[in-house]
Amino acid sequence: MKDTTLNDKYESKFTLRNIGKSIARYKWWVIGASVVGLVAGYLVFSFVINPPREKLVSTFGYDINISEKLDESGRPIDNSGREYFADSTVFSFTDIVSKESMESVKASNPDKFGTLNIESLYQNGSISISKQSYTNSQTGQTVYVSPARYTIVASKRAFSSESQGKDFIYALIDRTRLLAQEANNKFQIENCVSASTNISYSQLVSQLSNQYEAILDTYSSLQKEFAYSTKVSETLTLGEAHNAFVDKFADKSGTIISTLQGELAKNKIVDYTVETVESLKATGDGYIENIRLLLNQLEAYQNSLNDLLSSQIIVESDSEVSKLIVELTEKVSSTQLQISNLGNELKFLGYDVPTSITKDNVDSIAYNPSLNGAIQAITTMDSNWVSKCDSFKQKIASIKTDIETERKAASKYYSYINNNAKNKVAMYTSGIAVTEGHVFSGVGAIVGVVLCFIVSTLVVSGVYISKLNKEEEK
């Protein structure tokens, strides 16, 4: 049978009274161990536990010039939700923390960010970004917050200091604002007027009209977003710039450009210093051939459209079939318009043209000397007609110069107003970024003290009681 007398004696002496005596006798050992635990716990939390947990978190948004591309009816060109800067480059929020962005920011301030290892940041995923969203409880679909908010999360230990980390995050955020500013500066209203001199007055007047509308559309879009009193230059407001443009081209019957269109059609004006009877007839014959080609295209588009519409396919609004129907419908309308315009050009020249041009009657289109057209006018070269042509030439040259000046001015106004009234970063986090995942190092100190106190107490108690047992055995 095993003798348990000694163990029983030892255990019976492991009392609070003896523990207290052991602590009193070996107090400096207990105090020393506790101090070591305090320091060790603090250091472990500060340099081992906290660094991989600590994140710099920044939430922000933009008030910058980015938008979806829309068609003439104001609908998005695609359903991807893709947005573009003013110079038509794509904006993607993930690019804010792309490797290219990080390298650009580092290069822009080597004194502050020269120590950063961008390759390591990128490869280790030390910086990430997300777009704030929520789930619709009824549909289960993801819905993004509007206006858009983004959150950058960066590993704090990836930087030499918290200050460097915050500065780097803000520089990444602000880079997109600077890109928007650069895109605004590059913006130019589309140049609708051809530089070629080998175009007819009719084509040139049409281009001038398109240019006028493009400029007017730019002012209209700005007025939908900005107040009339918003500055478009140091001395000019948006409302003043818009009114000055409209007044410059205003005429009793509409605009001076529409008046030109009326003069052109009424007086059958051409540049007689360039055109001849032969060149105008050659132009007319070319129009007829173009009409034949367009009629063939129109027939093909219409047949394809009819086949789709008469099929038994169930057409959903967002299906590929639905998109094809819309595309074919637009092509039919566009082709019909081109045929109609060419018919009007032929009438202007002095050709007999059916009211509705079809494949069956296109061959009936022919020059008619008895009509009042441009070819007939240039044939007779009446002095009154020549005078009107000369006056028209001067007017159209002046308007062409003026419209180009206005195009460039409105483009600059667009850049100025977007850079000064709409080119900001909205920070939703105070101090750029806050630290998350940090555990107070004092907790580690407390844990260290408690653990080391308990362990040291058990050790010294064991030593003290062991000595008591040895003294009794003697």
Side-chain angles (χ1 to χ4, degrees), residues 42-66 82-87 89-133 144-145 147-186 419 423-442 444:
Y42 183 88
L43 294 176
V44 167
F45 269 66
S46 296
F47 299 105
V48 178
I49 294 177
N50 272 328
R53 288 172 49 88
E54 290 178 338
K55 307 290 183 184
L56 290 173
V57 180
S58 178
T59 299
F60 62 96
Y62 291 113
D63 181 19
I64 59 177
N65 187 26
I66 52 174
R82 188 178 290 114
E83 294 178 303
Y84 299 83
F85 291 106
D87 62 353
T89 54
V90 177
F91 164 77
S92 173
F93 77 91
T94 56
D95 289 340
I96 296 171
V97 296
S98 67
K99 185 178 180 181
E100 178 187 357
S101 294
M102 289 191 281
E103 288 175 341
S104 175
V105 167
K106 177 181 177 179
S108 68
N109 198 335
D111 292 338
K112 187 176 289 185
F113 306 125
T115 59
L116 293 178
N117 185 335
I118 301 301
E119 186 66 32
S120 176
L121 285 174
Y122 181 73
Q123 293 293 338
N124 296 331
S126 300
I127 301 179
S128 62
I129 190 170
S130 60
K131 189 174 181 179
Q132 287 193 3
S133 63
Y144 290 100
V145 174
R149 288 193 179 193
Y150 311 100
T151 298
I152 287 179
V153 178
S155 173
K156 186 178 177 182
R157 68 174 176 177
F159 305 98
S160 60
S161 66
E162 181 176 319
S163 175
Q164 185 193 51
K166 289 182 176 181
D167 288 343
F168 189 71
I169 288 172
Y170 186 77
L172 287 174
I173 295 170
D174 196 51
R175 180 174 180 269
T176 294
R177 182 191 66 80
L178 295 175
L179 289 175
Q181 179 176 296
E182 183 181 345
N184 291 336
N185 291 334
K186 291 179 181 177
N419 282 338
N423 199 43
K424 301 176 180 66
V425 173
M427 296 300 307
Y428 301 115
T429 304
S430 60
I432 300 174
V434 295
T435 300
E436 293 185 1
H438 176 82
V439 178
F440 179 51
S441 296

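Values below: all heavy atoms of this structure, side chains included; hydrogens, waters and symmetry mates excluded. Only a predicted model underlies this, so the values are computations on that prediction, with no experimental measurement involved. In this chain, numbering begins with 1 at the start of the sequence shown.
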* Test log, rule side-chain contact (heavy atoms from CB on, under 4.5 Å), inputs Leu56 and Thr435 -> CA-CA 5 Å; Leu56 290 173; Thr435 300; 3.6 Å; yes
query: Taking it one step at a time, do Phe60 and Ile432 satisfy side-chain contact (heavy atoms from CB on, under 4.5 Å)?
result: CA-CA 9 Å; Phe60 62 96; Ile432 300 174; over 6 Å; no
| request: Using the side-chain contact (heavy atoms from CB on, under 4.5 Å) rule, take Tyr62 and Val425 through it: C-alpha gap first, then chi angles, then the decisive distance, then the call. | output: CA-CA 5 Å; Tyr62 291 113; Val425 173; 3.9 Å; yes
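Looking at every heavy atom in both residues, Thr94 comes nearest to Ser92 through OG1-OG, 2.9 Å. Annotation for Ala183 and Phe85: closest pair CB-CB, 3.6 Å, computed over non-hydrogen atoms. Among all heavy-atom pairs drawn from Val97 and Ile127, the shortest one is CG1-CG2, 3.6 Å. Between Ala180 and Asn419, the closest heavy-atom pair is O-OD1, 4.4 Å. A pairwise comparison of heavy atoms in Ala433 and Lys166 identifies O-CE, 3.1 Å as the closest pair. Residues Ile96 and Ser101 approach most closely at O-CB, 3.5 Å, considering heavy atoms.
Listed by first and then second residue, the ring-ring contact (aromatic ring centres under 6.0 Å, His included) pairs that reach into residues 107-128 are Phe113-Phe168, sequence neighbours excluded. Residue pairs that meet the salt bridge (charged side-chain N to carboxylate O under 4.0 Å, His left out) test with at least one member in residues 117-129, sequence neighbours left out, are Lys99-Glu119.
In this structure, Val57 and Thr151 have side chains that are in contact, with non-hydrogen atoms separated by less than 4.5 Å.
No donor-acceptor contact under 3.5 angstrom links the side chains of Asn124 and Ser126, judged on distance only.
Atom OG1 in Thr89 sits 12.0 Å away from atom CD in Glu83 (nearest 0.5 Å). Taken to the nearest 0.5 Å, the CG atom of Asp63 stands 6.0 Å off from the NZ atom of Lys424. In this structure, CD in Gln181 is found 12.0 Å from NZ in Lys186, a value given to the nearest 0.5 Å. Rounded to the nearest 0.5 Å, atoms OG1 (Thr59) and CD (Gln132) are 5.5 Å apart. Rounding to the nearest 0.5 Å places CG of Asp95 at 8.0 Å from OG1 of Thr176. Taken from CG in Asn65 to CG in Leu179, the straight-line distance is 13.0 Å, to the nearest 0.5 Å.
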In a table with atom names and distances, give each donor-acceptor pair under 3.5 Å that connects a side chain of residues 102-109 to protein atoms at least two apart or in another chain.
unit_1: Ser104; atom_1: OG; unit_2: Arg175; atom_2: NE; d: 3.2
unit_1: Lys106; atom_1: NZ; unit_2: Leu116; atom_2: O; d: 2.8
unit_1: Ser108; atom_1: OG; unit_2: Val105; atom_2: O; d: 2.6
unit_1: Asn109; atom_1: OD1; unit_2: Lys112; atom_2: N; d: 3.3

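Crowding of Glu100 atom CD: a count of heavy atoms from other residues, nucleotides or ligands under 6.0 Å not exceeding 12.
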